[in-house]
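Notes for the one structure printed next.
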Amino acid sequence: MMPIKKGKVRVRFAPSPTGGLHLGGVRTVLYNYLFARQHKGSFILRIEDTDQGRYVEGAEQYILDCLEWCGLEPDEGPHKGGPFSPYRQSERKESYRQYAEQLVQSGHAYYAFDTPEDLEKMREELKRPDNPSPQYDHRVRSSMKNSLTLSQDETDKLLQQNTPHVIRIRVPENEIVSFHDLIRGEVQFNTNSVDDKVLLKADGMPTYHLAVVVDDFLMQITHAFRGEEWLPSSPVHILLWKYLGWKDSMPEWAHLPLILKPDGNGKLSKRDGDRLGFPVFAMDWKDARTGETTQGFREKGFLPEAFINLLAMLGWNDGSGKELFTIEELIESFSLDRVHKSGAKFDFEKAKWFNHEWIKKIDTPVLVTALQKKLSEKNLSYETHYLSKVIELVKERCTYVNDLWEHSVFFFISPDPDVTAIVSKWNDEKTTFFNNLMEVFQMVQPWDSVSLEHECKMLATANNIKPGEVLLPLRIMLVGGKFGPGVFDIAAVLGKQETNKRIASTLQVLRNNKVG
RNA sequence: GCCGCGUUGGUCAAUCGGUUAAGACGCAUCCCUUUCACGGAUGAAUGAGGGGUUCGAUUCCCCUACGCGGUACCA
């Protein structure tokens, strides 16, 4: 059993506005959500709606739509408020400066007046083959223009003149920062390899480093889950919790393994999806810069249940070999100590398998609704009862929800039978047989698959025809080609009138064909 | 370069010192189905390398190799 902090569990998800909700992002939300639900806690959505200081149109709505589709409803968030409003980054920006100033007062941060050019010059001058990217750290800060090297008067003067400046954390020399990660155990860093990260930018906006710590503290977050790419900056965050005097309120950390591209290694990116032909976003994602839209899992025809299921299994399992989980079962059995340490390559074939399984498993009405939507696009309308029967027959052959239509068109539109496969073997005996079959079908009671098959085969035997010789023709008459579920199942659903109508019309086609 | 994290079949992975090293996806073959799928059966395929510790290491420790992540006034 995982040691849980005292007090109510509070977890948060804080997506950036420019990335779309990709696989890794959704998995992070999912694990947050599962953990919160399991511990009867709160799942908080804190949204970043600005990028480089500019408001990103539609970012918030996109995130909310994705979460809704996935069924991962936050308990607190920008759209529904909560005790720690506001939940939008753009509405919180005013409050960060005081915390940065507080750190300056206590000696754990300092003002830095270096211009971007100064920084570039420093990096260029200190660059060595064995140190290609020099950091602004305890070794170099003494030779830079900041409140540690300037006198108090000079500093005050620069501040009064509104000289552009940032506030940087003053990382101590040669100290060990260690913390416990719920997934990785004890993790240690020597502060000598940690640089003096900017906390407050020249435009007055906080960097992520300051913002997460302040926000997590103010929102009383108890458990912080994020991608493994954040592990290297965690010592900065730990130091901030300590220097702000909040060490006792620091959340438990969990750095989740990365989701990797299927070929080669490396983090999965949007480009990999484009390149390899599969979605990486939960829903269609329109890139604000290029105006390009990339297809999402929803639009591709994935069931949210399947999407959630496959994502949950990418980095976690319950140890029993079970792979199909409902969200309730996931809440029940999820545990952080069974989350893997290493990244998992995304396998789209396996993702398709999950969806296929879920299409077979999900309640028919869900699929009926999906099919109805497609039908209304075609200006067709059928009653639910009929659609349910159709879906029962075709769902097991569908990988995507969108396949339902293609696999069932012939139930709604009379096919144009492709007689090429049967015309060469056609003869008068078969014409007679099918004429008789229509008469037999007219009488058959009850109109179900078993009776139809029985009557058809009886008639064939009586006419000295092998059943196999008439089965393919019958299929082509009813569905138009060599595909689809069992012929008699199809006939049973189509009904007496429609079945006979299709037999008759194909007979007509064959007659014309012969004449022609 | 430095710092950190990781390494069981092609992929996802079980094993928490003793197993013929599960299972799933994919692949191959066969069966079922007088279509196509579904389904069933079978098969090929795995502990990065080297040292320890131990009666015994895939499992614990160290080194090496490899991979990934970070090294920004991006997140």
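Reminder, nothing fancy here: chain letters follow the sequence lines and each chain counts from 1.
For Ser16(A), the side-chain atoms get nearest to rA75(B) when compared with the rest of rA24(B), rA75(B), rC68(B). Residue Pro132(A) has its side chain nearest to rG1(B) when only rG4(B), rC73(B), rG1(B) are considered. Set against rC12(B), rA72(B), rG6(B), the side chain of Asp195(A) has rA72(B) as its closest nucleotide. Which of rU71(B), rC5(B), rG26(B) sits closest to the side chain of Ser133(A) comes down to rU71(B). Taking every side-chain heavy atom of Leu258(A) into account, rG69(B) is the closest of rG6(B), rG23(B), rG69(B). If you check rC5(B), rC25(B), rU71(B) against the side chain of Leu231(A), the one that comes closest is rC5(B). Looking at the side chain of Thr207(A), the nearest of the listed nucleotides rC74(B), rG70(B), rC38(B) is rC74(B). Here the nucleotide nearest the side chain of Val166(A), chosen from rG69(B), rC73(B), rU71(B), is rC73(B). Listed nucleotides rC25(B), rC3(B), rA75(B) differ in distance to Trp353(A); the shortest reach to its side chain belongs to rC25(B). Taking the side chain of Ala202(A) as heavy atoms from C-beta on, and the options rG67(B), rG69(B), rC73(B), the nearest nucleotide is rC73(B).
With a cut-off of 3.5 Å on both pairing distances, rU19(B) has no Watson-Crick or G-U wobble partner at all. Across every strand in view, rU71(B) sits in a pair with rG1(B) that passes the Watson-Crick or G-U test at under 3.5 angstrom. In this structure rU29(B) sits in a base pair with rA41(B), meeting the Watson-Crick or G-U test at under 3.5 Å. Both distances falling under 3.5 Å, in either a Watson-Crick or a G-U wobble arrangement, occur for no nucleotide opposite rU34(B). Pairing partner, rG6(B): rC66(B), with both Watson-Crick or wobble hydrogen-bond distances short of 3.5 Å.
Within the 4.0 angstrom heavy-atom criterion, base atoms lie near Asp114(A). Contacts of Lys322(A) with the nucleic acid, taken as non-hydrogen atoms under 4.0 Å apart, are absent. The residue Asn265(A) sits close only to the backbone: its heavy atoms come under 4.0 Å of sugar-phosphate atoms, none of a base. At a threshold of 4.0 angstrom between heavy atoms, the contacts of Lys360(A) are confined to the sugar-phosphate backbone, with no base atom among them. Residue contacts shown for Arg338(A) are limited to sugar-phosphate atoms, with no base heavy atom under 4.0 Å away.
Taking the P atoms as reference points, rC12(B) lies 26 Å from rU42(B), given to the whole Å. For the P atom pair drawn from rU59(B) and rU53(B), the interatomic distance equals 15 Å after rounding to whole Å. Across rU8(B) and rC60(B), the matching P atoms stand 13 Å from one another, rounded to whole Å. Between the C1' atoms of rG67(B) and rG26(B), the separation comes to 23 Å (whole Å). Look at the C1' atom in both rU19(B) and rA14(B): the space between them is 12 Å, to the nearest Å. Separation of the C1' atoms belonging to rA24(B) and rG17(B) is 27 Å when rounded to the nearest angstrom. rG56(B) and rA45(B): their P atoms are spaced 30 Å apart (whole Å). Separation of the P atoms belonging to rA44(B) and rG10(B) is 15 Å when rounded to the nearest angstrom.
If you look at Phe225(A) and Tyr31(A), their ring centroids are not closer than 6.0 Å. Here the two rings, on Phe325(A) and Trp358(A), have centers that are 6.0 Å apart or farther. Between Phe434(A) and Trp426(A), the distance separating the two ring centers is shorter than 6.0 angstrom.
Distance Leu314(A) CG to rA13(B) P: 6 Å, rounded to the nearest Å. The CH2-P distance, from Trp358(A) to rC38(B), rounds to 20 Å in whole Å. Distance CD (Glu186(A)) to P (rC61(B)): 15 Å, rounded to an integer number of Å. Atom CZ of Phe189(A) is separated from atom P of rG69(B) by 16 Å (rounded to the nearest Å). As rounded to whole Å, 14 Å separates atom C1' of rG23(B) from atom CD of Glu357(A). Rounding to whole angstrom units, CD1 of residue Ile183(A) and P of rC5(B) are separated by 14 Å. Atom pair Glu396(A):CD and rA37(B):P shows a separation of 12 Å (rounding to whole Å applied). In this structure, CD of Gln188(A) is placed 14 Å from P of rC3(B), rounded to the nearest angstrom.
Residue-to-nucleotide contacts include no donor-acceptor pair under 3.5 Å from the side chain of Lys197(A) to the base of rA72(B).
Remark: Asn317(A) is in phosphate contact with rA14(B), judged by side-chain N or O atoms under 4.0 Å from OP1 or OP2. Residue His340(A) places at least one side-chain N or O under 4.0 Å from the OP1 or OP2 atom of rA14(B). OP1 and OP2 of rG1(B) both lie 4.0 Å or more from every side-chain N or O belonging to Lys127(A). An OP1 or OP2 oxygen of rC74(B) is reached within less than 4.0 angstrom by a side-chain nitrogen or oxygen of Lys201(A). The phosphate of rC73(B) (OP1 or OP2) has a side-chain N or O of Arg168(A) nearer than 4.0 angstrom.
The OG atom of Ser233(A) sits 5.5 Å away from the CZ atom of Arg226(A) when rounded to the nearest 0.5 Å.
In the displayed structure, Lys242(A) atom NZ is contacted under 6.0 Å by at most 12 heavy atoms of other residues, nucleotides or ligands. No more than 12 heavy atoms of other residues, nucleotides or ligands sit less than 6.0 Å from atom CD of Glu57(A).
Salt-bridge check for Arg275(A) with Asp272(A): passed, with a basic side-chain N closer than 4.0 Å to an acidic carboxylate O.
Heavy-atom minimum distance, Ala282(A) versus Val26(A): CB-CG2, 4.1 Å.
Both Pro206(A) and Gln135(A) sit near RNA chain B, but only Gln135(A) has its closest nucleotide nearer the 5' end. Nucleotides of RNA chain B nearest to Gly315(A) and His165(A) differ in position, and the one nearer the 5' end is that of Gly315(A).
Counting only heavy atoms from C-beta outward, the side chains of Leu23(A) and Phe307(A) approach each other to under 4.5 Å.
A donor-acceptor contact closer than 3.5 angstrom is absent between the side chains of Tyr87(A) and Asp49(A).
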Evaluate the salt bridge (Lys or Arg N to Asp or Glu O under 4.0 Å) criterion for residues Arg88(A) and Glu91(A): first the C-alpha distance (whole Å), next the side-chain angles of each, then the deciding distance (0.1 Å), finally the verdict.
CA-CA 5 Å; Arg88(A) 282 184 196 97; Glu91(A) 295 167 14; 2.9 Å; yes
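A distance-only check finds a donor-acceptor pair linking the side chain of Arg338(A) to the backbone of Asn317(A) [under 3.5 Å].
A syn orientation is assigned to rC38(B), its glycosidic angle lying within 90° of 0.
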Each nucleotide of nucleotides 30-35 of chain B classed B (base within 4.0 Å of a protein heavy atom), S (only sugar-phosphate) or -, in 5' to 3' order, makes ----BB
